[in-house]
Amino acid sequence: MVEFLNIFIGGLILGGIYALIAVGLSLQYGVARVLNISHGEFIMVGAFLTWAMYTFWGLNPLASLAIVGPAIFVVGFVLHRTLFTRLRTSSASPAAYEGGSLIATFGLMFIIQNLAIITWGTDIEAYSFLNTGVSIFGARFAANRLTMLLFAAGICVVFYLFLARTRLGKAIRAAAQDPETAGMMGVNIKRVLALCFGLGALMAGLAGSLLSMCYPIRTTMGLEYTIIAIIVVVLGGMGSIVGSFIGGLILGMVGSIVLYIDPSLSLVAYYFIFILLLLVRPTGILGK
Amino acid sequence: MRRKLLILMVSCTMVLALAAPLFAAGCDEAEPEKEVIVFGAARPLTGPFAVYEEMAFGPIYKMWVDEVNARGGLYIEEYGKRLPIELKIYDDGSDMGTMTSMLERLILEDEVDFILPPASTAFLFAAAPIANKHGYILMGAEGGGTTLTPLLPSLPYYFGVLNYSDHYQMPVLADILSDAGIETAAIMYLEDLHGVEYSGVAGIELTNAGIDIVMTKSVPLGVMDVSSIINQAKTLGAEAFLSFCYPDENFLAIGTAIALDYNPDVFLTGPGANFAFFAGVFGPAAEGIMGYGAWNTKSSAASEDFYEKFIALYDPGLLDWWGHNLYYAGLQFFEQAIEEAGTLDQAVIREVMATSTFDTILGPTWFDMTADGEGGGLLAEECYTGQVGQWQNGVFEVVDPGANRTAPPVIPKPAWPAEE
Amino acid sequence: MRILEGEGVSKHFGGLAALSNVDFHVDAGEIVGLIGPNGAGKTTLFNLVSAALTTKQGVIKFKGRKITGLKPHQICRMGLARTFQSVKIFGNMPALTNVYIGSLFGIPAGTPSAYAAKGAEELLEFVGLSASKVTPAKDLTLVNQKRVEVARALATKPELLLLDELMAGLNPTEVAQAMELVTKIRDRGITVFVIEHVMKAIMGVCDRIIVLHHGEKIAEGTPQEIANNRAVVEVYLGE
Amino acid sequence: MNSVASIVLNRSFQLGLLAVILIALATLPLHYQGYNIVRLLNIFMFVVLTVSWVIFSGSTGYMSLASAAFFGVGIYTSALLGDKLPIAVVVGIGALVSSCVAFLVGALTLRLRGIYFAIFTFGLVELIKHLTLWWEINMEDRRGRLVVYVENDIIFWVMLSILVATLLTAYFIRRSKWGLALQSIGENEEAAAHMGINVTLVKVITFAVSALFVGASGAIIATRWTYIDPGIAFNPLYSFMPVLMAIFGGMGRLLGPVIGAIAFTYLKEELGTEFPELYMLIFGIILIVAILYMPNGLVGLIQRLWIRGFRRQDADT
Amino acid sequence: MLEVNNINTFYGKAQALFDLSLRVEESEIFALIGSNGAGKTTLLNTISGLVTPASGNIEFLGKRINGLAPHIIVEMGISHVPEGGRIFNEMTVRENLEMGAYSSHAWKIRWGTLQQVYEIFPVLKEREKQLARTLSGGEHQMLAMGRGLMSRPKLCILDEPSYGLAPKYVEEVFRIINSLREQGITILLIEQNVRHTLETADRACVLENGHIVLDDICDNLLQSDHVRKAYLGL
């Protein structure tokens with residue numbers, strides 16, 4: 001029982017953070033059509049802002065979510081309104097735009113990382129927050145990881161309700177399917193796309209904040225998280241938010257089980273599952 | 001037609017671009033008076049290894065260059081004067097291909113006088129043959145390993161300074177553990193040259209010392225959860241937990257052990273525990289944690305001086321209690337060998353380095369060369385200030401048996417601090 | 001002679017039956033129409049015949065040979081060509097190249113490129129597009145893109161041609177031209193199997209009509225018989 | 001102007017010029033041993049990677065991120081066989097093994113389209129990397145391998161030969177019936193299949209052919225690195241770079257990727273050496289500015305300037 | 001109600017509309033007739049703001065609307081039902097209809113409008129919770145039209161509402177168009193079904209190669225030799 005809980009809750013923790021990382025990217029690609037290679041850099045910036053505020057001002061990392069999220073959202077929103085909107089209107093075709101935006105996000109990745117290196121250097125940073133054990137039916141877990149899970153789950157649920165229930169959420173979903181027609185319905189497409197990019201960045205920032213409570217952080221870590229996010233998003237089915245949740249949870253569970261059996265195989269297992277699932281379902285779990 | 005013209009234009013540009021540097025190389029002007037000594041290096045300013053540049057060798061070589069220049073430079077008899085040092089650092093982006101090219105560029109195109117090593121063991125392995133081919137002395141800083149030892153006879157220009165697994169660390173650890181009566185140990189190691197070597201050597205040395213290794217688990221780079229390993233070690237009741245990983249995984253292991261309340265008698269980790277900022281991150285929980293490679297201000301008066309100089313320049317959190325004094329000593333040794341040779345001819349300097357003993361912050365310092373004296377060398381065992389350290393009251397104490405010891409090991413380590 | 005016949009052809013998507021147990025045949029030299037409401041399974045049937053979808057239930061024979069399980073390119077090389085409901089042209093290539101590709105690859109042994117090029121020009125003229133040879137296909141109007149598709153299909157030297165909604169979105173005059181084209185194709189000795197909604201066209205050119213509804217064949221017969229069929233009027237034609 | 005242009009446009013003149021360039025390059029190491037050999041070597045390598053990528057992905061529209069896998073397979077071939085066989089044979093084997101891997105991958109991934117194909121191939125690189133790692137550590141108790149050392153000029157000649165082979169292959173595929181088939185797959189795969197093109201075969205074989213050169217260049221470059229491990233051999237950088245370089249250069253014609261790879265490699269190295277602290281920042285800005293102002297890549301820009309130049313000349317006369 | 005004055009529109013480098021003018025009066029059905037590629041859809045897209053004209057101006061209820069973004073034009077009371085319907089396949093029928101009422105004034109009263117739309121298209125109420133992609137072709141078009149009505153438009157632009165529909169549904173579509181006029185909605189219609197269209201509409205114009213060649217009431221057009229020859233196939 002304890003072992004089962006160890007694996008299960010461990011899987012939820014990993015899955016929760018994977019899902020949170022992936023949802024933002026899924027939104028950016030699914031709606032705004034930007035495969036954002038700099039996604040991980042936003043995660044990194046979120047993590048470093050939280051670390052800096054905790055280390056220098058003693059600000060509770062959970063409280064810093066309220067600062068980091070909006071700040072990064074604004075950056076994402078403005079980036080889209082300036083750079084990507086321009087790119088979109090000047091591109092000859094949607095495919096050309098996807099290629100072009102891919103390059104642009106590569107550029108962004110370089111720029112953000114370099115700025116972060118200038119600001120924070122390249123060494124490893126970490127802080128100890130809520131690093132105590134919590135017992136659940138005899139299985140012990142680190143409190144900071146459980147907190148991370150709770151917040152990740154909370155953010156994902158709120159975000160899901162936002163998309164499913166609100167006027168803006170519906171507009172985003174409509175724009176994901178057919179932006180031009182959504183425009184005919186009265187949706188301000190430029191704003192919605194920028195909003196999606198900003199929200200994607202916001203999710204990345206929040207994920208970074210939460211991650212920094214549990215893992216050491218480096219200014220050079222961005223790409224690793226981008227890769228995880230892309231894998232999860234593709235696994236779930238591009239553009240499907242729910243798919244990203246499921247993809248994240250599957251990877252988390254698989255990771256947790258394999259970590260239990262043989263940790264050295266965990267990454268092999270991730271990619272193996274990923275490749276196998278894609279071969280069975282070529283458009284991801286919830287893809288069309 | 002335009003397209004063809006276009007093709008033509010581009011090919012012409014290519015030819016010109018190719019020819020220009022050749023031409024420039026062909027008409028070298030007469031050698032001007034030597035004004036400056038250039039040290040070149042391909043270093044990871046970006047990418048995953050950038051942390052080395054910031055925390056390991058980076059601060060040390062910069063500090064050393066400034067000091068030498070403050071004295072007016074290196075005195076070279078051949079020129080009859082002191083020549084200041086200039087650094088030429090390229091970014092290799094943590095990529096092997098870029099590093100090898102940059103190194104050859106430094107040697108062939110920039111014709112630097114000396115090179116400094118790239119970061120990480122694998123990169124050192126790749127840099128050593130290149131340096132040897134061109135007859136450049138390569139001091140090995142961040143890295144070294146048993147894999148390199150058999151190659152030393154073919155690498156006469158290689159001088160490694162850092163201690164590593166069977167280069168005295170694990171045998172000393174085995175002594176400490178068996179002295180303390182430890183009977184069982186669990187090993188977690190990273191799937192990387194470092195982890196494989198350490199776990200391999202530790203396996204031999206600890207077993208020889210009569211310690212039973214009850215668990216050996218490897219983790220991949222980028223692992224995000226090690227609780228199953230900690231849980232297993234706890235279940236097995238391993239008295240010593242040895243984590244042969246890098247800071248990311250080591251930090252994860254310690255955090256997880258605290259959360260899961262696994263408090264073995266000995267908790268030792270690889271790179272990470274040796275950094276000064278480690279104590280800051282873990283606070284009281286750092287107490288009693290061991291790491292390999294060790295020195296502190298009590299090691300010698302020279303160490304104390306070096307420490308003062310370092311913190312006057314850098315954030316004290318950047319201090320590395322494993323390698324910093326070794327890198328610095330290596331540079332001091334190099335510097336004295338150059339002045340002793342009185343020339344910039346590397347073959348001559350190499351002979352000086354292979355055969356001399358110089359005073360550095362380590363005390364009398366020399367290299368153990370291969371038996372015939374024709375190959376490369378490693379810093380001699382007697383020169384090291386310590387092989388194993390332990391955090392005690394905020395100080396990374398050297399706990400080796402013998403003269404290097406600055407404090408006896410505390411085994412079992414104190415319990416993790418109670419929840420705040 | 002039956003050039004194409006299907007027995008018990010069925011297709012399911014998820015739980016939904018797109019086609020259930022349909023028998024049909026097309027005789028050589030005929031023009032056969034396939035009609036039915038949207039979602040009746042007409043295009044699915046074409047996709048099964050041309051192997052765009054795999055047939056798991058039922059048997060389809062072309063020229064007496066079983067073709068279920070073959071790949072699209074093999075079926076094409078046997079002499080069965082098609083056009084698509086939503087045009088699938090090679091948009092960035094000139095119209096002529098579109099047709100040229102058909103003649104290069106559509107025939108088992110391949111055609112020497114010079115002949116293929118000449119054939120392509122002729123066919124483009126046949127469909128009335130000789131003026132737009134070098135225009136990238138994506139810049140043509142929808143009607144002309146559909147014509148390019150027809151020319152491209154003809155370039156593979158088919159014995160049977162499947163035309164999927166060639167006339168949708170055409171005004172009556174254009175429909176008349178398209179009908180003439182279909183007849184001309186048959187006059188070249190090619191059997192034609194068409195899906196159409198434009199009743200005037202289908203009644204005008206077809207020798208025989210098959211009606212599908214909810215994946216089942218509800219009627220088959222001459223245009224006259226179909227127009228008077230109660231079931232067809234009820235589900236499809238309206239009063 | 002006219003007479004110059006006619007000489008310049010003369011086909012035999014162009015061929016002659018190409019021959020001269022080739023001979024100049026081939027004889028370079030005989031009289032020159034400096035760093036430019038290494039610089040050219042790197043440029044050749046990236047041109048090979050980029051053009052190989054374009055051979056398959058450029059025309060079919062399938063964005064492959066598997067280059068690093070083929071490259072790594074080549075590298076490992078060299079690490080395993082480098083000291084046992086002559087280097088040319090090793091390179092050949094590296095090419096063949098990569099090609100076989102590509103054939104298998106191609107056959108496996110037929111159902112995947114678009115971004116799924118791209119990420120699948122990327123996942124494959126990671127899977128191979130981690131499997132190799134796991135194998136080395138758990139089965140052989142080692143990590144990484146030393147590779148036989150080869151002189152720079154030999155590496156240069158081998159790489160030059162691979163480059164020439166790659167360019168010739170790309171050129172002839174582009175001009176052939178096969179190239180037309182590839183292009184039609186890129187435009188509309190379903191229609192291509194119904195036109196009698198065996199799309200599966202065409203895709204898989206092209207994928208395998210393009211991997212030949214990637215594997216070969218991996219095999220030869222490994223001898224420059226002398227020590228490799230799975231992380232170094234299967235570095236995802238070598239999957240991303242060809243894509244970036246091709247888009248940077250412009251994919252409309254064969255020259256685009258070539259120029260893209262040359263400019264990109266050169267720029268990256270110069271920035272990394274001139275401004276090591278800021279090079280990523282500058283590089284990032286260049287990428288963004290490039291994509292905003294050169295939608296058709298470098299070649300598109302050159303063409304635009306060229307045409308503008310022509311117009312001005314016309315206006316002058 | 002709608003006045004288009006001397007507009008010129010380009011698609012890329014090619015000019016699609018030349019100096020084109022037309023007027024749509026309140027509460028009429030105005031039809032556009034022309035062969036494929038004549039510029040009909042371009043004209044509609046220009047009116048609803050998807051394409052910006054290079055010159056000329058468009059006025060709706062006396063206000064200039066050219067150059068405004070599509071979402072603002074919707075807000076002003078023009079609803080565009082695009083060719084092929086273009087419904088949101090991955091949303092439910094109900095959500096599709098809600099999207100139709102996206103503009104702010106319509107959003108507030110969307111539940112009332114929804115009931116009205118359900119009265120016109122009872123089948124949509126039955127399918128309310130289904131994903132739109134599970135609808136049949138006829139229902140699909142109903143949904144597109146219903147969605148167009150959700151914004152409470154003053155002018156409804158219908159681009160080939162009977163495209164690809166079975167004959168039975170074509171009748172139904174024209175019946176609905178008629179009922180919309182009875183509710184006071186002005187309609188701008190493109191149809192290939194020329195005879196049917198001219199019998200339903202009040203006025204129509206004939207568009208050829210981006211120029212208007214005829215503009216008259218439908219009865220006259222039905223008699224016109226040019227129309228009979230070029231568009232009715234007589």
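So that the names make sense, note that chain A is the first sequence line, chain B the second, and so on, each numbered from 1.
Remark: Glu270(D) CD to Tyr90(B) OH distance equals 8.0 Å, nearest 0.5 Å. Separation of atoms CZ (Phe123(B)) and CD1 (Ile232(D)) is listed at 5.5 Å; rounding is to 0.5 Å. Between the CG atom in Leu221(B) and the CG atom in Leu133(D) there is a gap of 8.5 Å [rounded to 0.5 Å]. Asn152(D) CG to Leu108(B) CG: the interatomic distance, rounded to the nearest 0.5 Å, is 7.5 Å. Separating the CZ atom in Phe125(B) from the OG1 atom in Thr226(D) is a distance of 10.0 Å, to the nearest 0.5 Å. Put simply, OG1 on Thr46(B) and CZ on Phe283(D) are 11.0 Å apart, with the number rounded to the nearest 0.5 Å.
Chain B forms the most heavy-atom pairs under 4.5 Å with one residue out of Asn235(D), Ile221(D), Ile137(D), and that residue is Ile137(D). Highest contact tally toward chain D, considering only Ser101(B), Gly200(B), Ser218(B), Ala42(B), is held by Ser101(B) [criterion: heavy-atom pairs under 4.5 Å]. Of the residues considered (Lys133(B), Met96(B), Arg105(B)), Arg105(B) shows the highest number of contacts with chain D, using heavy-atom pairs under 4.5 Å. Comparing Ile130(B), Leu151(B), Thr98(B), Thr100(B) by how many heavy-atom pairs each has under 4.5 Å with chain D, the most go to Thr100(B). The most heavy-atom pairs under 4.5 Å with chain D, out of Pro220(B), Gly93(B), Pro129(B), come from Pro129(B). Across Ser199(B), Ala127(B), Ala128(B), Gly97(B), the residue that shares the most heavy-atom pairs under 4.5 angstrom with chain D is Gly97(B).
At a threshold of 4.0 Å, the pair Glu191(B)-Lys129(D) does not count as salt-bridged, since none of the basic side-chain nitrogens sits closer than that to a carboxylate oxygen.
For Gln33(D), the part lying under 4.5 angstrom from a heavy atom of chain B is the backbone only. Contacts of Leu193(B) with chain D are made by both backbone and side-chain atoms, with heavy-atom separations under 4.5 Å. Contacts of Leu271(D) with chain B are absent, with no heavy-atom separation under 4.5 Å from either backbone or side chain.
Scanning both residues, Asp91(B) and Pro276(D), for their nearest heavy atoms gives N-CB, 4.0 Å.
Side-chain contact between Glu109(B) and Asn36(D) is present, with at least one heavy-atom pair separated by less than 4.5 Å.
When only modelled atom types and interatomic distance are considered, Asp95(B) and Tyr238(D) share a side-chain donor-acceptor pair under 3.5 Å.
Put simply, the residue from Glu104(B), Glu111(B), Met102(B) that forms a side-chain contact (heavy atoms from CB on, under 4.5 Å) with Tyr35(D) is Glu104(B).
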